[in-house]
Amino acid sequence: MKSIDIRGKLYAYRQIVILLALCMIFAILLPGTFLSAGNFVNILYAISLQGIMICGATFPVLIAGIDRTVSGSAALSGAVCCTIILNSGFSDQGIIMGVLAGLGVGLLSGLFHGLVLMRFDIPAFLLTLATSEILYGLVQSVTGNQLINVMRADKFTTIGTLRVMGVPVTVFILAACFIFTYIILNKTVYGRHLYCVGGNREAAKLSGINVRKIIVIAYMISGFMGALSGLVLSSMNQQASANQAKGYENDVLAAIVVGGISLRGGSGTIQGAMFGALLIGILSNGLRLLGVDSVYHDLIKGVIIIIAVAIDMYSSYKRSGLKHAGFFKRLAGVRNSGRAGG
């Protein structure tokens, strides 16, 4: 009879175990409320926008880059789309042109980042941080710091308000983005090359991989997904504003890191990133239902996220079979080496 490797099983499904444990805690604290089907739909609805952004932002991170403009792309996309719809008199042609123009904004943003990063040796963090400010400046210019109301564009606002079998359409959009990302990363040549570039860029070049093409496409996908989330957000709110989606990039990057995607590139999965999004979504939902003051939400989420990452990293380290000295042993070693040198 074969013995079951319990530790191995727990390690393989550690992220699911963490989510189940968190759900059990909230289920005990909120009997009859947290575990309802309606509440889980609310959680998925709440993370749908960040989830769409995550699907795109995962690509740059996997090549050891980063894209902090996902929220800026979302804001500008929504502003451009709503402006075109408004100026067209809420016509069907105006809606189509607005959506296409909004998505085009995201593609152009990603193309710009990819080309600049390949041409100039600028850290991706600094470049996308700067362009994020530029994008929000453009949003203010497009909107004139005014709300652009598109409530009369029924065919556009339906995207953010319609439900199919009780599930918001935005959740289905998130599912489609997830499936798209999963297929690209796991079933295509581009996905394999993406991981190679993230793991070792020089080795990828020597093996004949078109690194420039991989990087440009990665940022274009990120920009496109950011723009798509902006259109969905504008549809949900039935308007566009100058500060739309601001701050979303922090939750997106937090979810990606919590999900086990390495910022050094070449390692991680979209499933892990979605785990991070769900973890943050469940935390926010549970704290809100418990009536915890919103002032403490970020504090509590931060602590639990650190614990979740620590458990995940510790499990990975132990699974690798490596050993390391404890803090005090390392400290003693440093002191002894200093004395020996003296």
Side-chain angles (χ1 to χ4, degrees), residues 7-19 50-51 53-68 70 110 113-114 117-118 123-125 128 177-222 225 249-280 305-324:
R7 289 187 178 181
K9 292 292 183 181
L10 288 175
Y11 173 77
Y13 299 103
R14 63 194 181 282
Q15 294 176 339
I16 296 177
V17 171
I18 291 172
L19 286 180
Q50 288 93 334
M53 292 181 181
I54 287 167
C55 288
T58 295
F59 285 83
V61 175
L62 285 174
I63 55 172
I66 198 169
D67 186 2
R68 290 188 59 84
V70 286
H113 291 134
L117 288 171
M118 289 308 304
F125 177 87
T128 56
C177 292
F178 173 81
I179 293 170
F180 168 82
T181 304
Y182 178 83
I183 291 173
I184 293 295
L185 293 180
N186 296 279
K187 305 296 182 179
T188 66
V189 173
Y190 175 80
R192 292 193 292 271
H193 287 178
L194 186 81
Y195 279 100
C196 290
V197 171
N200 191 319
R201 188 169 299 185
E202 292 304 317
K205 287 180 180 179
L206 293 174
S207 64
I209 295 175
N210 189 337
V211 174
R212 182 188 298 270
K213 176 181 176 182
I214 297 298
I215 292 175
V216 170
I217 292 177
Y219 278 93
M220 288 183 70
I221 292 175
S222 181
M225 293 289 189
E249 70 278 5
N250 295 326
D251 282 343
V252 168
L253 293 175
I256 288 174
V257 174
V258 168
I261 297 181
S262 173
L263 293 177
R264 290 173 293 183
S267 175
T269 65
I270 186 60
Q271 303 95 294
M274 282 299 114
F275 154 77
L278 282 170
L279 179 67
I280 294 173
I305 286 170
I306 290 173
I307 293 172
V309 173
I311 291 173
D312 187 53
M313 293 297 293
Y314 181 75
S315 299
S316 300
Y317 197 86
K318 292 290 287 184
R319 189 69 180 172
S320 68
L322 299 175
K323 295 182 178 180
H324 65 283

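For the numbers below, each heavy atom of this structure counts, side chains included, while hydrogens, waters and symmetry mates do not.
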Tell me which donor-acceptor pairs under 3.5 Å the side chains of residues 253-265 have, and how far apart each pair is, sequence neighbours excluded?
residue: Ser262; atom: OG; partner: Arg264; partner atom: N; Å: 3.1

Query raised in the report: Nearest 0.5 Å, what's the NE2-OG distance between His193 and Ser207?
Result: 7.0 Å
Requested in this report: Decide yes or no on side-chain contact (heavy atoms from CB on, under 4.5 Å) for Val70 and Met225, but give the supporting numbers first.
Outcome: CA-CA 8 Å; Val70 286; Met225 293 289 189; over 6 Å; no
Query raised in the report: Shortest non-hydrogen contact from Cys55 to Met274?
Result: SG-CE, 4.0 Å
Report summary line: Between the NE2 atom in His113 and the CE atom in Met118, the distance rounded to the nearest 0.5 Å is 15.0 Å
Requested in this report: Working to the nearest 0.5 Å, report the span between CG of Asp251 and CD1 of Ile54.
Outcome: 8.5 Å
Report summary line: Heavy-atom closest pair (Ser222 atom, Gly56 atom, distance to 0.1 Å) is CB-O, 3.4 Å
Report task. Could you tell me which residues satisfy side-chain contact (heavy atoms from CB on, under 4.5 Å) with Ile184, sequence neighbours excluded, listed by chain and number? Result -> Phe59, Phe180, Thr188, Tyr190
Query - Closest contact, heavy atoms only, Phe275 versus Gln15 - result: CE1-O, 3.2 Å
Query raised in the report: What is the distance from atom CD1 of Ile221 to atom CG of Asp67, rounded to the nearest 0.5 Å?
Result: 12.0 Å
Report task. Please list all pairs passing the salt bridge (charged side-chain N to carboxylate O under 4.0 Å, His left out) test where one or both residues lie in residues 186-202, with sequence neighbours left out. Result -> Glu202-Lys205
Report summary line: For Asn210, the side-chain contact (heavy atoms from CB on, under 4.5 Å) test, sequence neighbours excluded, returns Arg212, Lys213
Requested in this report: State which residues pass side-chain contact (heavy atoms from CB on, under 4.5 Å) with Tyr195; sequence neighbours excluded, sorted by chain then number.
Outcome: Leu62, Leu185
Requested in this report: Taking side-chain contact (heavy atoms from CB on, under 4.5 Å) as the test, write out the residues that go with Ala124, two or more places apart.
Outcome: Ile66, Leu117, Tyr219
Query raised in the report: Can you tell me how far CD1 of Ile16 sits from CG of Leu278, rounded to the nearest 0.5 angstrom?
Result: 10.5 Å
